[in-house]
Q: 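One structure coming up, written as structure tokens, with questions to follow.
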Amino acid sequence: MSGKSTNKSIHAPKGTRDLYPEDALRRRYVQQAWRDASIRCGFDEIAGPTFETSELYAVKSGEGILNELFQAYSGKSPEEVEQVKETGRAPYAMRPEFTPTLARMYAAKAGSLPKPCKWFTAGPYFRAERPQRGRLREFEQWNVDVIGLPREPHNAGKWLAYELEQTAEVVEVAIQSLVELGLVSSDIKVHVNNRLFVESVLQDIGVPPERVVAVIELLDRRQKMSSDSFAAAAFEVGLSVDSITSLDAAFAELRQRTDGQEALAKAALRAKGVVLGKGEASELMQKTSVLLKSSELLAFCGQVDAIGYGDWLRVDPAVIRGLAYYTGTVFEVIAEGERAVAGGGRYDNLIELMGGPPTPAVGFAMGDVVLSLLLDDKGLMPEGADLLDAVSRPCASVRPDVFVIGADDEATDPLVRRLAADLRRGVESKHWSESDDRKPWARERYESATGGVSPLHARVSYKSTRNLKKLLSDGEKQFARYAAIVHGEDRVQLRDLDSRSELTPKDVPGMDDGIAEFSVDPTHPAYVGRAVAGRIA
RNA sequence: GUGGCCGUAGCUCAGUUGGUUAGAGCACCAGGUUGUGAUCCUGGGGGUCGCGGGUUCGAAUCCCGUCGGUCACCCCA
């Protein structure tokens, strides 16, 4: 090829990628997993501009970000040109992230938007950094956010319970996408932490408030440093050897508490009350503030475990996220030896900071660069005919397949969340799980002939009412095809919302067997998901 | 922004302390054998060694610059 010219203009800019047909298909494959996972979990797709006014990015964290902006201006007005010359800052910037746009979009229509807002978006982002492994100057990123609480909470405990639930829901989407792509919990973990927990621990071991930020920054870099240089740096910020020991002990204890199903189940039960048995906690943990915050982290882990993803979690004090606007739970999706695939957390003050009403929110972003590296390493990136098949698969239904409703009281709520997660995940067929060469994109994965159930788009209501009529109408307003009304484990009513008629296992081919009601249990012969998936197919 | 390593054919790479006309495998093209598009045989096209400058009788090889890639630091939204 004679294209080996030195002419700059014919090269793609540094840190960008030219996607030839096969590359574009690979990108499509990843994006489809992102999209399917978000849609099935009840998120709506939105989109924003790829460039914004520079001020938008100056509002928040302010520091390093501004130096890594690709700046943009039309060059058509003399004022613009003058501004660039004088300030060195163009009026626009290519977006380096989505959150400010999201906050802006939400703030602009806050009054008329549903609560909570569950939004996702995927597209290109730009950062003027030096490229390295897992990091380019233009990359694809997927953002998933839940903004706002369903209603005004009456007490702090209730509020916290909602927040944790939403945070768990966001983590569910992230894990769902990884599952979709064939990753398992031994490949990659969701490292979770809580900023407030770290701060309260630091306070209780005697780190003065003005040093807290410095210490957190140090902890963030800890695993990159040698133990000697860490010790030196720790001394510099006034962290004694004893402090480090008790800090490590606090996290070791916390991690132990999140190990194993039992502890998690207990934590889940405590989520509402936000109380941890004092007798069980160490001296440090017993200090009230630490106790409260550690129980928040525990409760969060419990929530994730309750929907079946406990295996994916790992409590990790090093995950603090550089971003200034994170307020509580933070998490990063990390595979051994790689940069984080995704990161996110709660940002309860940002919307207000952007000029909107005070609105708690939680979200994460996942980039395609590290994810693709990981899929390549694990042999999970399809090639050739497989790639074509993978991309040709039918995608998730934007119209909700099932609307899951808790019939009786708060006792059915955990069942509802669990069922929704199970419906979204689907059931893998025996044929596929027993095959040696498991291709995550294969149609056989959810084939019904050998016990599989396709993943479904399942939504839940965020209304506090227990009025079944109102809940059903909530489902109808969202155009759900079916409503699953959960009365108990093996007592699920199924309604066709289009015809407004009732369905029983008798109406489902191969499900008769004298079973009167559907079940929430995916292994049960009358699993409600099997009925819905069968009718939709 | 700072530093390390790398840049030879479409691809993966050889190329000895600087020394004839820069090589191999795969791929590609042509012809032959063969009853499928498989195997085997013969032949062929294709590189001014990323680019520019310097040292030298002589540079893919040494030096400087530059562009590109890669890895780490910084940062990580």
Q: B:G1 C1' sits how many Å from A:Leu69 CG, rounded?
A: 15 Å

Q: Going by purine N1 to pyrimidine N3 plus the second Watson-Crick contact, or the G-U wobble pair, all under 3.5 Å, which nucleotide sits opposite B:G1?
A: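 Across all strands, the one nucleotide that pairs with B:G1 is B:C73.
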
Q: May I ask you to evaluate whether A:Arg130 reaches the phosphate of B:G1, defined as a side-chain N or O under 4.0 Å from OP1 or OP2?
A: no

Q: Look at the side chain of A:Glu97 and decide which nucleotide, out of B:A77, B:G3, B:C76, has an atom nearest to it.
A: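 Nucleotide nearest to A:Glu97's side chain: B:A77.
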
Q: Using the P atom in both, what is the distance from B:G45 to B:G31, to the nearest Å?
A: 16 Å

Q: Taking B:C13 as the reference, what is the distance to B:C49 when you measure between their C1' atoms (whole Å, please)?
A: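 That atom pair is separated by 13 Å.
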
Q: For B:G1 and B:C64, measure between their C1' atoms and round to the nearest Å.
A: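 Taking atom C1' in both B:G1 and B:C64, they lie 23 Å apart.
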
Q: Need the pair for B:A14. Rule: Watson-Crick or G-U wobble, both distances under 3.5 Å, any strand; none if unpaired.
A: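 Answer to the pairing question: none, since B:A14 forms no Watson-Crick or G-U pair.
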
Q: One pair to check against ring pair (Phe, Tyr, Trp, His ring centres under 6.0 Å): A:Phe70 and A:Phe126. What are the steps and the verdict?
A: CA-CA 7 Å; A:Phe70 274 109; A:Phe126 313 87; 7.1 Å; no

Q: Checking contacts here: which listed nucleotide (B:G68, B:A77, B:A72) is nearest the side-chain heavy atoms of A:Glu68?
A: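 Between B:G68, B:A77, B:A72, the one nearest the side chain of A:Glu68 would be B:A77.
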
Q: Answer yes or no for A:Arg195 and A:Tyr326: cation-pi contact, defined as NZ/CZ to six-membered ring centre under 6.0 Å and angle to ring axis within 45°.
A: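 No.
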
Q: Base, sugar-phosphate or nothing for A:Gly15? Non-hydrogen atoms, less than 4.0 Å.
A: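 If one applies the 4.0 Å heavy-atom cut-off, A:Gly15 turns out to touch the sugar-phosphate alone, with no base involved.
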
Q: Which listed nucleotide (B:C74, B:G69, B:C75) is nearest to the side chain of A:Gln132?
A: B:C74

Q: Find which nucleotide of RNA chain B each of A:Phe126 and A:Pro131 is nearest to by heavy atoms, and output the residue with the more 5' nucleotide.
A: A:Pro131

Q: Could you say whether A:Arg133 or A:Ala365 is positioned toward the 5' end of RNA chain B, judged by the nucleotide with the nearest heavy atom to each?
A: A:Arg133

Q: So what's B:A9 paired with, Watson-Crick or G-U wobble, going by both distances under 3.5 Å?
A: none

Q: Between the base of B:C76 and the side chain of A:Arg135, is there a donor and acceptor pair under 3.5 angstrom?
A: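 Side chain to base: pair present.
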
Q: For a 4.5 angstrom cut-off between non-hydrogen side-chain atoms, does A:Asp348 reach A:Glu163?
A: yes

Q: Which nucleotide sits closest to the side chain of A:Glu129: B:G1, B:G68, B:C75?
A: B:C75

Q: Please tell me whether A:Ser54 and A:Gln71 have a donor and an acceptor in their side chains that are separated by less than 3.5 angstrom.
A: no

Q: Could you go through the ring pair (Phe, Tyr, Trp, His ring centres under 6.0 Å) check for A:Phe364 and A:Trp142 one step at a time?
A: CA-CA 8 Å; A:Phe364 73 87; A:Trp142 173 43; 5.3 Å; yes

Q: Could you identify the nucleotide paired to B:A27, looking across every strand shown and requiring Watson-Crick or G-U wobble geometry with both distances under 3.5 Å?
A: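 The base-pairing partner of B:A27, which may sit in any strand shown, does not exist here.
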
Q: Provide the Watson-Crick or G-U wobble partner of B:G65, both distances under 3.5 Å; none if there is no partner.
A: B:C51

Q: Between the side chains of A:Gln478 and A:Arg459, is a donor N or O closer than 3.5 angstrom to an acceptor N or O?
A: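 Checked: A:Gln478/A:Arg459 side chains pair up, N/O donor to acceptor below 3.5 Å.
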
Q: Tell which nucleotide pairs with B:U39, taking only Watson-Crick or G-U wobble pairs whose two distances are both under 3.5 angstrom.
A: none

Q: In whole angstrom, give me the gap between the P atoms of B:U66 and B:G58.
A: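 Those two atoms are separated by 26 Å.
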
Q: Using atom C1' of each nucleotide, how far apart are B:U48 and B:U21 to the nearest Å?
A: 13 Å

Q: Tell me which nucleotide among B:C75, B:U2, B:C76 gets nearest to the side chain of A:Arg127.
A: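 Of the candidates, B:C76 comes closest.
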
